[in-house]
Amino acid sequence: EVLANTSASLPSIATESLVELAQHILFEESGQLSDLLSTASLPLDAELGGILGVKLENESLEMTELNSEQRLGILTHPAVLAAHSKESGASPFLVGEFIYTNVLCESIGSPPVVPEVEAPEAAGETLRERLESATAAPSCQLCHKRIGPSGFAFLPFDPIGRYEPEDDFGQPYDTTGAIPVGDETIEFRNASELAATLAASDRSAQCLARRVFRWAYGRFEGDADEEDVQRLEKVAVESGSSWRDLLVAVVSSERFAMNVGGNP
């Protein structure tokens, strides 16, 4: 049902669009990793544009400005949403976990019990209300107070990025929320505001630095790496997560020059 009336080439086009977006921002525009989260433009062709609610005639990908009230950056990109959705689309926790672990570098434990939650069959209780009720137990809330609210911000999006502000029964989605991040609380009204807040957050910049370290060294950081990681985090915050500045900081490290792989 999700892929009805789409072409067989849609997955490859969406992937190409994501790659072109990264290339455009990191090497042609600002060079700031945080702009991947907050850009209001995506490379679209006519088919991708139709999915995202923009009427286009171009057959090749072109940078196209979108409605920033509905979507910003890679978190609402069709390829990213498809990678963190179930076919039914009722999977906000997958997106929420992706944000919490990959954008904020926070740890999420394994769930003690995975509840079965059916989509609402009639107007009344919303899907969010059902999911919140199913995960209300204290043992669930250890994780779900972190991954639930951020995931609910993406309820209006189907598995390939189409946007509908209301559910099947005409009820507007509740996309508001707040998540704890360290000693702070990040509040947002919708996916766009969450993306913009994350893009401006020092915690996101520090997480980007940590992930650049892992990419450059080909492994996770260890205790012996903490000084280098903290140095990268400082560069990320001060430079606005500049890709070039982070790479220079990585390769100018004495540890990188002596890196032979494996655990430190």
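- Looking only at distances, a side-chain donor or acceptor of Asp167 sits under 3.5 Å from a matching main-chain atom of Gly170.
- Counting all heavy atoms, side chain and backbone alike, Arg146 lies closest to Pro180 at CG-CG, 4.0 Å.
- A 4.5 Å side-chain heavy-atom check between Tyr100 and Cys143 finds every atom pair outside the cut-off.
- With Arg231 contributing its side chain and Ala249 its backbone, the two residues share a donor-acceptor pair below 3.5 Å.
- Side-chain contact between Arg219 and Phe213: present, with at least one pair of heavy atoms (C-beta onward) separated by less than 4.5 Å.
- Ser204 and Leu104 get closest at one heavy-atom pair: OG-CD2, 3.7 Å.
- Ser30 places a side-chain heavy atom less than 4.5 Å from the side chain of Ile25.
- Between Gln32 and Ser239, the closest heavy-atom pair is NE2-O, 3.3 Å.
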Problem - Full working for side chain to side chain contact (heavy atoms under 4.5 Å, CB included) between Ser253 and Glu227 - result: CA-CA 10 Å; Ser253 164; Glu227 183 178 341; over 6 Å; no

Practice task
Evaluate the criterion side chain to side chain contact (heavy atoms under 4.5 Å, CB included) for residue pair Tyr173 and Arg128; output intermediate values, then yes/no.
Solution key: CA-CA 8 Å; Tyr173 287 110; Arg128 174 168 182 167; over 6 Å; no

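- Classification of the Trp243-Trp215 ring pair by plane angle, with boundaries at 30° and 60°, yields tilted.
- For the pair Ser242 (side chain) and Gly240 (backbone), a donor-acceptor distance under 3.5 Å is absent.
- If you chain together hydrophobic residues whose side chains sit under 4.5 Å apart, Leu94 and Leu81 never meet in one group.
- Side chain of Gln141 to main chain of Thr135: a donor-acceptor pair is present (N/O by atom type, distance under 3.5 Å, no hydrogens or angles).
- For Glu1, the CD atom counts as loosely surrounded, since its 6.0 Å shell holds 12 or fewer non-hydrogen atoms of other residues, nucleotides or ligands.
- Note: Leu52 CG to Ile160 CD1 = 9.5 Å, rounded to the nearest 0.5 Å.
- Leu61 has its side chain within reach of Glu16: a pair of non-hydrogen atoms, C-beta onward, lies under 4.5 Å apart.
- For the side chain to side chain contact (heavy atoms under 4.5 Å, CB included) with Ser241, the lone residue among Asp202, Val212, Leu208 that qualifies is Leu208.
- Cluster membership for Leu75 and Leu72, using ILVMFWY side-chain heavy atoms within less than 4.5 angstrom, is not shared.
- Expressed to the nearest 0.5 Å, how far SG of Cys140 lies from NZ of Lys145 amounts to 13.0 Å.
- Proximity of Thr76 to Val80: side-chain heavy atoms (C-beta onward) are nowhere separated by under 4.5 Å.
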Would you tabulate the side-chain donor-acceptor contacts of residues 150-157 under 3.5 Å, counting partners in other chains and residues two or more places apart, or write 'none'?
{"from": "Ser150", "atom 1": "OG", "to": "Ile147", "atom 2": "O", "distance (Å)": "3.4"}

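- Rounded to the nearest 0.5 Å, atoms CG (Leu56) and CG (Leu48) are 9.5 Å apart.
- Looking at heavy atoms from C-beta onward, His24 lies out of side-chain contact with Pro43 at the 4.5 angstrom threshold.
- In terms of heavy atoms, Val181 sits closest to Ile186 at CG2-CD1, 3.7 Å.
- Rounding to the nearest 0.5 Å gives a distance of 9.0 Å between NE2 of His77 and CD1 of Ile74.
- When side chains are defined from C-beta on, Glu59 does not count as touching Asp45, because their heavy atoms never get closer than 4.5 Å.
- Leu36 and Val19 are not part of a single hydrophobic cluster, where members link through side-chain heavy atoms under 4.5 Å apart.
- By the rule that hydrophobic residues join a cluster once side-chain heavy atoms approach within less than 4.5 Å of another member, Val248 and Leu232 end up as members of separate clusters.
- With rounding to the nearest 0.5 angstrom, the CZ atom of Phe188 is 5.5 Å from the CD1 atom of Ile179.
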Problem - Candidate pair Glu226 and Arg210, rule salt bridge (Lys or Arg N to Asp or Glu O under 4.0 Å), full reasoning - result: CA-CA 10 Å; Glu226 199 56 34; Arg210 196 167 288 268; 3.3 Å; yes

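- Distance check, rounded to the nearest 0.5 Å: CZ of Arg203 to OG1 of Thr197 gives 15.0 Å.
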Practice task
Report the C-alpha separation of Leu21 and Thr39 in whole Å, then their side-chain angles, then the decisive distance to 0.1 Å, and conclude whether the side chain to side chain contact (heavy atoms under 4.5 Å, CB included) test is met.
Solution key: CA-CA 9 Å; Leu21 176 64; Thr39 178; 4.1 Å; yes

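- For the residue pair Gln70 and Tyr163, the shortest heavy atom distance occurs at CD-CD2, 3.5 Å.
- Side-chain atoms of Leu246 and Leu33, non-hydrogen and from C-beta on, do get closer than 4.5 Å to each other.
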Exercise for the section: Test Arg162 against Val2 for side chain to side chain contact (heavy atoms under 4.5 Å, CB included), laying out the working first. Expected result: CA-CA 9 Å; Arg162 298 185 186 94; Val2 170; 4.1 Å; yes

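- With sequence neighbours left out, the side chain to side chain donor-acceptor pair (under 3.5 Å) criterion links Thr15 to no other residue.
- No more than 12 heavy atoms of other residues, nucleotides or ligands lie within 6.0 Å of CD in Glu69, so this atom counts as exposed by the packing criterion.
- Heavy-atom minimum distance, Glu125 versus Glu129: CA-OE1, 3.2 Å.
- Within a 6.0 Å sphere centred on CZ of Arg244, heavy atoms belonging to other residues, nucleotides or ligands number 12 at most.
- Taken together through direct or relayed side-chain contacts under 4.5 Å among Ile, Leu, Val, Met, Phe, Trp and Tyr, Phe98 and Leu37 form part of one hydrophobic cluster.
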